[in-house]
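Letters A, B, ... mirror the listed sequences (proteins, then strands); counts begin at 1.
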Number of protein chains: 2
Amino acid sequence: MDIERSISALNNPMRRRILEWLKDRSNFPPALPGHEDLEGVCVAYIQEKAKLSQSTISNYMGLLKQAGFVKAERHGQWTFYRRDEENIQAFLAAVKDELLKT
Amino acid sequence: MDIERSISALNNPMRRRILEWLKDRSNFPPALPGHEDLEGVCVAYIQEKAKLSQSTISNYMGLLKQAGFVKAERHGQWTFYRRDEENIQAFLAAVKDELLKT
DNA sequence: TCCATAAATCGAAATATCTCGATATACCAA
DNA sequence: TTGGTATATCGAGATATTTCGATTTATGGA
């Protein structure tokens, strides 16, 4: 749990928004044919919703991944990103522990 | 609760450290004579512990104050800073709410 | 093999943050 | 009123982040 890297990743409104979008797969277009079983979302879908360049979104997803907020799964030419709920909870616990007095 | 501003304020190791130091008044030298009843800590004490310039610490405390993490109380020529526990808890709740899925 | 598509990486310009020393402001004491 | 001390603000250089378009890499299909 690298709190430094995690807070940096969160220190950007669009990255936080992406994390929120990923809470619900239905925020994005339906899964590509043959990938209906995957919970993750491909970079192109995120890019389309965020309206930022492909390279920027790829970079953002990399930062979120390094921070532990998302997991990436490569299937063919697509990379599917989804939230890492366990790590997100661990981050919240760590921030709480560092910030709270008691 | 401006989560943007708060996360920015936290996105710095020394500012987070100051927030931790302020959990316990005894992390700093004893109160100045005549101010024993105050829980806050003056800028000079924080500066001495942080080993950064006076202007930097003044700036940092201003950012932490704008973010709602600390309260400032002026007494004579001194400004005493102390944690705002209520706002800190509100921030944690807000981050949890934004970040957590359920 | 060759081409098309998805994603990652590179290089760079614009903007923001960090941090300082110098200066300004506020306040106290003589 | 004058001088001293504490803090805030200003201006600037160094560094980091943001975001892009161009390029590279990986993969799958004709």
Side-chain angles (χ1 to χ4, degrees), chain A residues 2-19 22 28-35 38 40-67 69-82, chain B residues 2-19 22 28-35 38 40-67 69-82:
Chain A
D2 182 348
I3 210 170
E4 180 65 23
R5 174 165 283 181
S6 299
I7 290 180
S8 275
L10 283 188
N11 193 31
N12 176 291
M14 183 54 81
R15 287 197 293 265
R16 289 201 305 280
R17 207 119 79 86
I18 291 171
L19 237 29
L22 289 175
F28 300 93
L32 300 164
H35 295 104
L38 283 172
V41 179
C42 67
V43 172
Y45 282 1
I46 301 171
Q47 184 201 342
E48 184 184 359
K49 204 168 166 71
K51 296 187 205 307
L52 288 174
S53 76
Q54 185 269 325
S55 63
T56 297
I57 296 302
S58 180
N59 174 24
Y60 281 10
M61 297 319 292
L63 292 173
L64 288 172
K65 186 180 165 216
Q66 283 176 40
F69 291 127
V70 300
K71 292 189 257 204
E73 207 173 322
R74 185 107 200 203
H75 281 252
Q77 40 193 339
W78 294 279
T79 304
F80 294 90
Y81 285 97
R82 67 198 157 92
Chain B
D2 182 349
I3 210 170
E4 180 65 23
R5 174 164 283 182
S6 299
I7 290 181
S8 275
L10 283 188
N11 193 31
N12 176 291
M14 183 55 81
R15 286 196 294 266
R16 288 202 305 281
R17 206 120 80 86
I18 291 170
L19 236 30
L22 288 175
F28 299 93
L32 301 162
H35 295 105
L38 282 173
V41 179
C42 67
V43 172
Y45 282 1
I46 301 171
Q47 184 201 344
E48 183 184 1
K49 204 168 167 70
K51 296 189 203 308
L52 288 174
S53 76
Q54 187 270 324
S55 61
T56 296
I57 296 301
S58 180
N59 175 24
Y60 281 9
M61 298 318 293
L63 292 173
L64 288 172
K65 186 179 165 217
Q66 282 177 41
F69 292 126
V70 300
K71 293 190 256 203
E73 207 174 321
R74 185 106 203 202
H75 282 252
Q77 39 192 343
W78 294 279
T79 304
F80 295 89
Y81 286 97
R82 66 197 157 95

Could I get the full list of side-chain contact (heavy atoms from CB on, under 4.5 Å) partners for A:Asn59, not counting sequence neighbours? A:Leu63
Using the side-chain contact (heavy atoms from CB on, under 4.5 Å) criterion, which residues pair with B:Ser58? Sequence neighbours excluded. B:Gln54
B:Arg16 CZ to C:dC18 P, straight-line distance once rounded to whole Å: 11 Å
Could I get the full list of side-chain contact (heavy atoms from CB on, under 4.5 Å) partners for B:Ser55, not counting sequence neighbours? B:Ser53
Check whether any side-chain heavy atom of A:Ile18 lies under 4.5 Å from a side-chain heavy atom of A:Ile57, and answer yes or no. yes
Expressed as a whole number of angstroms, how long is the span from B:Leu63:CG to C:dT17:P? 9 Å
Whole Å only: how far is the NZ atom of A:Lys51 from the C1' atom of D:dC20? 17 Å
Using a 4.0 Å cut-off on heavy atoms, which residues in residues 2-11 of chain A reach DNA chain C? List them by number, or say none. none
Identify, with sequence neighbours excluded, every residue that meets ring-ring contact (aromatic ring centres under 6.0 Å, His included) alongside A:Phe69. A:Phe91
List for me each residue that meets side-chain hydrogen bond (donor to acceptor under 3.5 Å, both in side chains) alongside A:Arg15, sequence neighbours excluded, and say none if there are none. none
Check whether any side-chain heavy atom of A:Tyr81 lies under 4.5 Å from a side-chain heavy atom of A:Val43, and answer yes or no. yes
Please give, in whole Å, the distance from C:dC20 C1' to B:Gln47 CD? 12 Å
For the pair made of CD in A:Gln66 and P in C:dA8, what is the distance, rounded to whole Å? 12 Å
For residues 45-55 of chain B, which residue pairs qualify under salt bridge (Lys or Arg N to Asp or Glu O under 4.0 Å), counting only residues two or more places apart or in two chains? none
Residue set satisfying side-chain contact (heavy atoms from CB on, under 4.5 Å) with A:Glu73, at least two apart, ordered chain then number -> A:Leu38, A:His75, A:Arg82
Return the value, rounded to whole Å, for the distance between atom CD of A:Glu48 and atom C1' of C:dA6. 14 Å
Nearest nucleotide by nearest heavy atom, which residue falls closer to the 5' end of DNA chain D, A:Met14 or A:His75? A:Met14
Nucleotide D:dA16, atom P - distance to CG of A:Asn12 in whole Å: 18 Å
Go along nucleotides 6-13 of chain D 5' to 3' and tag each nucleotide: B for a protein heavy atom under 4.0 Å from its base, S when only backbone or sugar atoms are that close, - otherwise. SBBB----
